[in-house]
Amino acid sequence: MSRLRGMFLKNNGQVNWPLTILMFLLAILTIFGPLYMTVMIAVKDPSQMSNVLKWPTTFHWENFQHAWELTDYPQKFKNTLVITVVNLIFTVFTNSLAAYAITRKRSTSKFFNALYYYFISAMFIPFNVIMLPLVKQASFFNLDNLAGIIFIYIIFGLPMNTFLYTGFIKKIPVALDEAAEIDGATPLQTFRYIIFPMLKPVHATVAILSFMWTWNDFLMPLILLSKPEQQTLQLSQYIFQGQFSTQYNLAFASYLLVILPVLLIYIFFQKWIIAGVTDGAVK
């Protein structure tokens with residue numbers, strides 16, 4: 001961090017404005033450049049695609065209406081929202097509880113110590129390796145539906161979330177657990193009333209990662225959700241890909257409709273998101 005600050009400050013402590021302005025311009029170019037291109041394509045007619053950066057002569061706002069209708073946006077949005085929200089809630093509660101049990105028992109139990117390394121090792125297995133066995137098992141156990149994919153998301157998020165939670169729980173004194181036990185609290189009550197509220201910073205981190213992963217995921221819904229009425233917003237983008245052509249203007253209009261909820265959530269909840277992440281970094 002000190003080296004990064006040194007890049008933007010001169011020896012006398014003043015701001016290095018040329019470098020600062022350059023970094024701002026690069027940030028604007030890399031962030032708003034693709035967004036500008038997406039908006040320009042989304043509001044154009046196919047005949048205006050020769051120069052995607054050029055300001056359109058006529059704005060075709062009806063592209064958004066067509067994309068809304070072709071993708072059956074309300075139903076696909078509902079499916080995506082249900083999967084994301086339910087997964088988010090159960091992930092935070094179940095994964096933090098599992099991580100708490102593993103962290104507190106690792107030093108005294110070989111089983112929990114082996115379980116920890118088992119979860120961590122799962123982080124290094126590419127999804128493509130287990131994709132075919134997952135499809136076979138999901139079909140066998142009737143998990144190729146909305147409820148099934150939510151369950152699978154919770155399980156697949158366990159390795160990374162265990163890694164995040166255990167690192168945070170290690171810093172919480174065991175004396176708190178012992179004091180709660182003396183007062184007659186069970187381990188579950190200790191976790192619910194003492195440990196869980198103290199995990200708010202890492203809860204925010206896990207929630208952000210889980211939300212972004214689930215909302216933007218394409219591959220797992222593609223291989224598991226076979227019924228059209230259960231598809232997510234990401235799968236609905238397939239409709240614009242034809243055998244010989246692609247409806248780029250409608251596709252990009254649909255892309256904007258997909259990312260709009262994420263942008264709104266960040267705008268309205270950025271205070272809590274930033275606070276949670278920074279608190280976790282400080283601790």
Side-chain angles (χ1 to χ4, degrees), residues 1 81-127 130 134 143 147-183 185-217 220 262 265-266 269-283:
M1 182 65 70
L81 184 65
V82 168
I83 293 174
T84 303
V85 172
V86 176
N87 168 61
L88 184 62
I89 295 173
F90 279 92
T91 292
V92 170
F93 281 97
T94 60
N95 292 7
S96 60
L97 179 59
Y100 170 68
I102 291 173
T103 305
R104 290 298 191 244
K105 296 293 184 179
R106 276 189 63 193
S107 58
T108 58
S109 174
K110 293 183 178 180
F111 170 77
F112 282 97
N113 191 46
L115 189 63
Y116 171 78
Y117 287 109
Y118 174 76
F119 285 154
I120 298 302
S121 64
M123 295 170 55
F124 303 98
I125 301 177
F127 180 75
I130 60 175
L134 176 64
L143 295 176
I149 197 173
I150 291 172
F151 175 77
I152 294 174
Y153 272 128
I154 296 172
I155 299 301
F156 269 67
L158 192 57
M160 173 60 74
N161 296 336
T162 299
F163 176 76
L164 294 174
Y165 275 118
T166 52
F168 196 92
I169 295 174
K170 285 179 183 178
K171 300 178 182 180
I172 299 178
V174 182
L176 293 177
D177 302 55
E178 297 172 349
E181 184 180 0
I182 293 174
D183 291 338
T186 64
L188 188 59
Q189 290 174 330
T190 301
F191 171 77
R192 178 182 177 184
Y193 295 106
I194 299 177
I195 305 299
F196 188 81
M198 298 180 66
L199 299 178
K200 287 182 180 179
V202 73
H203 285 331
T205 303
V206 170
I208 295 168
L209 295 176
S210 298
F211 178 86
M212 298 301 297
W213 170 45
T214 310
W215 186 272
N216 296 319
D217 189 30
M220 194 177 297
V262 180
I265 287 176
Y266 179 77
F269 295 97
Q270 60 177 324
K271 181 175 68 175
W272 293 276
I273 292 174
I274 295 174
V277 175
T278 52
D279 287 347
V282 171
K283 291 193 176 185

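The figures here come from the full heavy-atom set of this structure, side chains too, leaving out hydrogens, waters and symmetry mates.
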How close do I194 and P197 get, counting heavy atoms only, and between which atoms? O-CD, 3.4 Å
Are any non-hydrogen side-chain atoms of I102 and F119 less than 4.5 angstrom apart? yes
Going from CG on N87 to CD1 on I152, what distance comes out if it is rounded to the nearest 0.5 angstrom? 11.5 Å
Q189 CD: over 12 foreign heavy atoms closer than 6.0 Å: yes
Go through the steps for D177 and I195 under the test side chain to side chain contact (heavy atoms under 4.5 Å, CB included), then give the verdict. CA-CA 8 Å; D177 302 55; I195 305 299; 4.0 Å; yes
To check you understand the geometry: which heavy-atom pair defines the closest contact between K170 and T103, and what is its length? CG-CG2, 3.9 Å
Side chains of F127 and M220, heavy atoms from C-beta outward: is any pair under 4.5 Å? yes
Pairwise side-chain contact, Y116 with T166, heavy-atom cut-off 4.5 Å (strictly under): yes
Nearest 0.5 Å, please: how far is CD1 in I169 from CE in M198? 10.5 Å
Residues which pass ring-ring contact (aromatic ring centres under 6.0 Å, His included) with Y118, listed by chain and number, not counting sequence neighbours: none
Could you measure the distance from the CD1 atom of I125 to the CD1 atom of I130? Nearest 0.5 Å is fine. 6.5 Å
So, applying ring-ring contact (aromatic ring centres under 6.0 Å, His included) with F196, which one of Y165, F191, F168 is it? F191
Flag side-chain contact, heavy atom, 4.5 Å: Y153 against F90: no
Using a distance-only test with no angle check, is there a side-chain donor-acceptor pair under 3.5 angstrom linking N95 and T91? no
Walk me through it: do H203 and F93 pass the test ring pair (Phe, Tyr, Trp, His ring centres under 6.0 Å)? CA-CA 9 Å; H203 285 331; F93 281 97; 7.7 Å; no
Hey, what do you get for CD1 (I208) to CG (L88), rounding to the nearest 0.5 Å? 10.0 Å
Does R106 make a cation-pi contact with Y117, if we ask for NZ or CZ under 6.0 Å from the ring centre and within 45° of the axis? yes
Can you give the donor-acceptor pairs under 3.5 Å from side chains of residues 154-164 to other protein atoms, not counting sequence neighbours?
residue : atom : partner : partner atom : Å
N161    : ND2  : G157    : O            : 2.9
T162    : OG1  : L158    : O            : 2.6

Between OG1 of T186 and CD of E181, what distance do you get to the nearest 0.5 Å? 10.0 Å
Using 0.5 Å steps for rounding, measure from the OG1 atom of T214 to the CD1 atom of I150. 9.5 Å
With sequence neighbours left out, what residues match W215 under ring-ring contact (aromatic ring centres under 6.0 Å, His included)? F77, F211
Tell me whether the count of non-hydrogen atoms from other residues, nucleotides or ligands lying under 6.0 Å of OH in Y193 goes above 12. no
